[in-house]
Amino acid sequence: MAEQQQTTKWRLRSGDYLGEISALCFLHPPPHLSSLPFLLAGTGSQLLLYSLEAGKLIQSFQVFRGIRVHGITCCSFTASSKTEDRSLSFEIAVFGEKRVKLLILSLSLSSQNELPLSVELSLVHSLPRFSHWVLDVSFLKCGVSSNEKENHYLAVGCSDNSICIWNVSASSVVLEVQSPDKCLLYSMRLWGENLEDLRIASGTIFNEIIVWKVVLQGPVQSFPPSMSSLEGDIRSQPQFCQCKAAHICRLIGHEGSIFRIVWSSDGSKLVSVSDDRSARIWEVVAELPDNPVEVAAGTVLFGHNARVWDCCICDSLVVTAGEDCTCRVWGLDGKQLKMIREHIGRGVWRCLYDPNSSLLITGGFDSAIKVHQLPVSLSWVVGRKDELDQLFVGADIFTGRIPNTSEHVGLTVIRQQSHHTDSKSEYVRCLHFTREDTLYVATNHGYLYHAKFCDTQDAKWTKLVQVNEQVPIVCMDLLSLNVPKCSSGVDDWIALGDGKGNMTVVRVIGDISTPQVDFILTWSAGKERQLLGTYWCNALGFRFIFSADPRGTLRLWRLHDPLQTGSHPSAGSANVSLLAEFTSCFGIRIMCLDASLEHEVLVCGDLRGNLVLFPLSKSLLVDTSTASETKISPLIYFKGAHGISSVSSISVAKLSSSEIEIRSSGGDGCICYLEYGQDLHSLEFIGMKQVKELSLIESVSATRKPPNDLANCGYAVGFASTDFIIWNLITEAKVVQIPCGGWRRPHSYYHGHVPEAQNCFAYVKDEVIFVHRQWTAETERKIFPQNLHIQFHGREMHSLCFVSENTLVEANVKHDISDKSSWIATGCEDGTVRLTRYVPGVESWFVSKLLGEHVGGSAVRSICSVSKVHRMASDMNIDSKNEQNSIEDTENPFLLISVGAKRVLTSWLLRTRKQDEEKSILEQEEATNEKSCFPPLEKSASMSFKWLSTDMPPKRSSSSGKTKSSEKLGVTEEISSIKTYPESKSISLVKAEEDSTNGLDDKCEDDWRYLAVTAFLVRCSSSRLNVCFVAVACSDASVALRALVLPHRLWFDVAFLVPVSSPVLALQHVIIPNRLSSEENVQIGNAYIVIGGATDGSISFWDLTDSVENFVNQLSALNLESLGNCQKRPRTGRGSQGGRLWKSLGRSCSKKGSSIGTVTLEAEERTNSDLVNGDHGRSGTVSGVESCSTEMMNNGSCETEIINAAISCSETCSKAVHDSSLDTAVHGIGSLGGRCEIQPLYVFNNVHQSGVNCLHVSSVPSSQGSDTGFVFRVVSGGDDQALHCFEFELSPVSTSINPNIVSPDGGCIFGNSESVKNSFRCSQSQNKNLRLRFLHRDRVASAHSSAIKGIWTDGTWVFSTGLDQRIRCWLLTDHCKLTEQANLIISVPEPEALHARACSRNHYEIAVAGRGMQMVEFSAL
């Protein structure tokens, strides 16, 4: 097999790069062919061609190899003279680093389709390599003499402050001019259509701008090639004119490096941006002065909070883009007209503005390309002090008053003057839209008005009813029944609550212009000033309504036959009855609600961020008897879902016949997702999305999504400070922003299916009702803003992994497991974890989902997935068929683990949506996908993870894995460290913290970080528990084994892996089945081995088998289910505390612990209690560790039998959960087997001369299950640029085998190692349970030209990448020999991680991440 693979030719094919946008350029076709220009964007080594008319990617092109596109220049277009021919050609110059390429882009347009029928990019000429970086390129229409009209020239500006004129036709240099101020430049920009008019603006390293031009002085002469700025041979002898550089002026004023310079269209102005956070506008004279002059900036634009990267100028507008992720629009007078903040990460790198279409394009480090349409005359609103300065295109502003307060009955465009008001004046208390042209208004005098807007910017007011004379209306809610869109009729149900505690229901019917009151129903719903809220529920319809008081009581009322009551009936008990009172356990006012009749549950959110669920039986709603109301207590609750901020909206959707999904939004700017299981009455927090642009989210719309999929919501509506904002959650773009004074004013909003073009907002200010309305049909104009390219991480990535159940598929499988799409999980420096889908095609990177963010935005350093579940030895001998079936029926959890700075460890669980037998939900989703404007997705497109748990230590904690730390704290070696971490702390810890505040431990929050992680799952079927064991390496040179117990979400410390002299940078694990003997193929359990590579170049092996088995076996005997779940919500760092515990009220916890000892704990900290248990773990002595030298020849093998003694340790555990609001004390749990200090099984020293940056292990496919054991191959890469590989065999030790360390020929391998050149030092400890044989090894000294950062193997192939921006593919032969088969330059700068997956036989997908991410395919030719 290996010989056949060596003779086969292999290829690496570069895929699309997903990273920073480095260049933008418009391509303007003739107006009769397209009203909007095309867009060329440079990202990595690629060009992306977009149709702004269609808002889609047309094609991507690879133009360089490993060189980033820095700039794009378009000369002109050539259109066919034939009327029926709609073909175009554009001449384009693309430059990056020291290279320039001339290209022809040909388009064939369709008269019916917005996308071109065909696209072709052809190379005209690749200029020789320049000796300095190219900063700008410009096409010149004529050459060095006026009679050369037929020639075509290219001006190239270089970073040494020189220009070069290139003859395109002759492919030669005709002119090169060096500025007298020869210095390095940060930026340069050329202006002019011919050489006589060409002017150069150079931004020097001295923070100055030198403006100069070329002056011709004589005839054409020969010019030696050695003087050229081009490297290599030139096709023809270059020609040039005698010329000199003449300085025009020197622009002084910047206090930092000048990153970008742009000319105005007429060449009279310059705009420059700098890292001094300013932009400056300069007036530049066209004439050549007698003496160069120094010019100061005319206008300075201050406003950015960080460095400014790019700018553009057009007419009276200046646009700047900066590192603060904002794009700002300025007037020439220096006033800021608009600010757009939609990118994330390191900022907006490029901006481009087209005055013809008023389109503003921005591209950032986050890979997003966003399109905005500015008002045609944005300068018209400059300096206005009212709300008109933020108008969007096509928006209308109406202002007016209620009829009784002024003579202005209708709404007018002219803003009314504020009038003095007193306590008896009538003013607006509530507003509510029912459609885009209808608004209901309630006042403090008890009046209800109906306002109908007209196209003439007037409004027709109708006084509907006065509920009670001189009694204010304090709350209002609206329920609109479905009326055909083509109809002008209305059927609205308005519920009003007044200050006397009365509730009034008004039904309005008739025509939209002439509404009529069908009936009014009034009754007493509470005490005076105690009725604060009235709520309809869409799931219940108009026959039921809720009222809320300030003490958390919610009343459910039934309206008896309201449609048959007649007009204006008198209030009475016969018309309304009180069905039930729902009393919250928190005693806090209910702010919003929703219900699911099928699951018989009512979900409520209160004023302090809590979610409370009540039972809502169908019998209660159906029963028409007049019995007294029912008192209903909470079923379950989640405390602090939104911290201490109010819950503003709740939505409920069906997941299955027994599960619902709950989505809530609140005043903390977060959207929370929870799952409720009807069978077990369980409530799980599954995820949260923080909308950083909003401080308050009032509601979340579900437009453009399949039903019952609340996680894929479209828009968030809320407020940021004093502005009303609609935010697109898919494109991460701001749709609407209206200054209104904040959310405390009476306000209402309404939007259609496309809020970008259909939105209404009304608010009250100084007795005036302001109505902002923008309502156009979706087909009338293009919808902006748009997101042309998906948004990705805004900073560097340190880790990635493929997420699929076939992650570790062997390479040479017989069956094809290829999948058209791949999911990749990535962790970023900004603390975010994303799940990105890759589909080979035109737009390969299909979608990128934000899973979550580490606490405080702490950097994610490592990430791994785990799906395979390993069973314990006790599960192997289950004879019961029923129990065996129950085990098989249990779902295997698929986990994603991420670790990073501040020792944050976060886990996610793969979310599976259970469908009913009737498949009603699936049918609805399929039907919706057919009608949706988005393309249908495959089944894998629904992959989603839900947040499971986040763990991090208290602020003032030191790593317990270090002996030195333990000594400083006075902790003995016998102290327990297997502990649970709910949000609680022992009384002893409170005392310790009090002592630390007195100066004993005056430390800031530690900066230790997790550097690497690996994990595996173990199932304890007897107790139906899954335990995820997580090995994490910390920067304080400690490695810990931790356990996450599912489904209870409890964290335990299990063991520490010692000794570790240097921080471990990479972790991997292997698991093999144990057998009784080679004759008896009976599995008695598993052996768990962890392998780690450290910064000192060593690779260590640890055997975790005893610790894992002891922990799981003793965990199985505990009744953890009695404690409920110890879960919390992720912290946001925005004043939202989060981290509350929830508990089912129907299943109270026993106050008697299952073991000795009782501990009362406080909330908000992790447990560190030590409880003594009578049953200790197995005792023994720890064998010493001896150093030796091991010889491993390339053509030989050696055998090492390691003895692993049992570790003597006291194993204890404490488990406590406390809910401070209910004063519940939960007692400690018995011992689970305690912390062990696991000695290394084997340590290889000096494998690398410096740190082991990456490490990967894989089994050898042909060796699995062999009689001799299990063979694995470990590959590693380090800062020494070396690639190391060795092969070892693991097998259980038989009693008949001599445990002495011998080589295959019987000789001792620990002999005279000094004579062996290819030797390395190792340390070992003795183990009688496992036999470890090292078979072969190989080392490539200079595998890469710089540090190796990522590596992966499947036992046959090895893929590696390094800072040299190359992927290299190596073949592993039978004797572990590494042979390079292919290599490729990638577009990812500073690659940090690599992962791969086998798609089919000898076909792999390789993902590389660093500053961006790129997919590479490896296959046979």
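Sequence positions, counted from 1, serve as the residue numbers for this chain. It should be emphasised that the depicted structure is a prediction, and the values quoted were computed from it without experimental measurement.
- Taking the six-membered ring for Trp and the full ring otherwise, the centers of Phe724 and Tyr763 sit at least 6.0 Å from each other.
- For the pair Leu696 and Gly667, the tightest heavy-atom approach, listed with the atom from each and the gap, is CD1-CA, 3.3 Å.
- Annotation: side chain of Leu896 is not in contact with side chain of Leu948 (no heavy-atom distance under 4.5 Å).
- The shortest non-hydrogen separation linking Pro550 to Leu532 is CB-CD1, 3.6 Å.
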Checking side chain to side chain contact (heavy atoms under 4.5 Å, CB included) for the pair Val717/Ser701: CA distance, chi angles, key distance, verdict? CA-CA 8 Å; Val717 182; Ser701 70; 5.7 Å; no
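- Between the Thr534 side chain and the Gly497 main chain, no donor and acceptor come within less than 3.5 Å of each other.
- Ring planes of Phe761 and Phe719: perpendicular class, angle over 60° (limits at 30 and 60°).
- The backbone N or O of Gly541 sits nowhere less than 3.5 Å from a side-chain atom of Asn538 that would complete a donor-acceptor pair.
- Using a 4.5 Å heavy-atom threshold, the side chains of Arg551 and Gln530 count as touching.
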Evaluate the side chain to side chain contact (heavy atoms under 4.5 Å, CB included) criterion for residues Asn502 and Val471: first the C-alpha distance (whole Å), next the side-chain angles of each, then the deciding distance (0.1 Å), finally the verdict. CA-CA 10 Å; Asn502 298 319; Val471 176; over 6 Å; no
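- Interatomic distance, CH2 of Trp557 versus OG of Ser577, reported as 8.5 Å (0.5 Å rounding).
- Remark: side-chain polar atoms of Ser665 are not paired, donor with acceptor, to backbone N or O of Ser648 under 3.5 angstrom.
- Here the shortest heavy-atom pairing between Pro746 and Leu431 reads O-CD1, 3.8 Å.
- Taking CD1 of Ile473 as the start and CG of Leu531 as the end, the distance is 11.5 Å to the nearest 0.5 Å.
- Asp594 approaches Val652 most closely through the heavy-atom pair OD2-N, 3.0 Å.
- For the atom pair Leu613 CG and His599 NE2, the distance stands at 12.0 Å (nearest 0.5 Å).
- Shown are Ile660, Leu683, Ile662, Ile686; of these, the side-chain contact (heavy atoms from CB on, under 4.5 Å) with Glu675 is made only by Ile686.
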With side chain to side chain contact (heavy atoms under 4.5 Å, CB included) as the test, would you mind laying out the steps for Glu684 and Arg1049 before giving the verdict? CA-CA 10 Å; Glu684 292 186 358; Arg1049 308 188 185 195; 3.5 Å; yes
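- Pairing each heavy atom of Ser721 with each of Ser695, the nearest pair is N-OG, 3.6 Å.
- Side-chain N or O atoms of Asp498 include none that pairs as donor or acceptor with a backbone N or O of Pro472 at under 3.5 Å.
- Residues Leu635 and Phe614 fail the side-chain proximity criterion, which asks for heavy atoms closer than 4.5 Å.
- Contact between Val647 and Met591 at its shortest, heavy atoms only, is O-CB, 3.3 Å.
- Using a 4.5 Å cut-off on side-chain heavy atoms (C-beta onward), Pro1047 and Leu1025 make contact.
- A donor-acceptor contact closer than 3.5 angstrom links the side chains of Ser699 and Tyr749.
- Using a 4.0 Å cut-off between charged side-chain N and carboxylate O, Lys946 and Glu661 make no salt bridge.
- There is no side-chain donor-acceptor pair under 3.5 Å between Ser907 and Ser949.
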Which donor-acceptor pairs under 3.5 Å do the side chains of residues 579-588 make with protein atoms, sequence neighbours left out?
residue : atom : partner : partner atom : Å
Glu581  : OE1  : Lys631  : NZ           : 2.7
Glu581  : OE2  : Arg555  : NE           : 3.1
Ser584  : OG   : Phe586  : N            : 3.2

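- Between Val467 and Thr522 the shortest side-chain heavy-atom distance does not fall below 4.5 Å.
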Evaluate the criterion side chain to side chain contact (heavy atoms under 4.5 Å, CB included) for residue pair Leu540 and Leu621; output intermediate values, then yes/no. CA-CA 9 Å; Leu540 303 183; Leu621 303 177; 3.7 Å; yes
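- Residues that satisfy the ring pair (Phe, Tyr, Trp, His ring centres under 6.0 Å) test with Phe433, not counting sequence neighbours, are absent from this structure.
- Under the 4.5 Å side-chain criterion, counting only non-hydrogen atoms from C-beta, Leu674 is in contact with Phe685.
- Remark: aromatic rings of Phe542 and Trp536 are distant, center separation not under 6.0 Å.
- Counting heavy atoms from C-beta outward, Met503 and Val576 have side chains that stay 4.5 Å or more apart.
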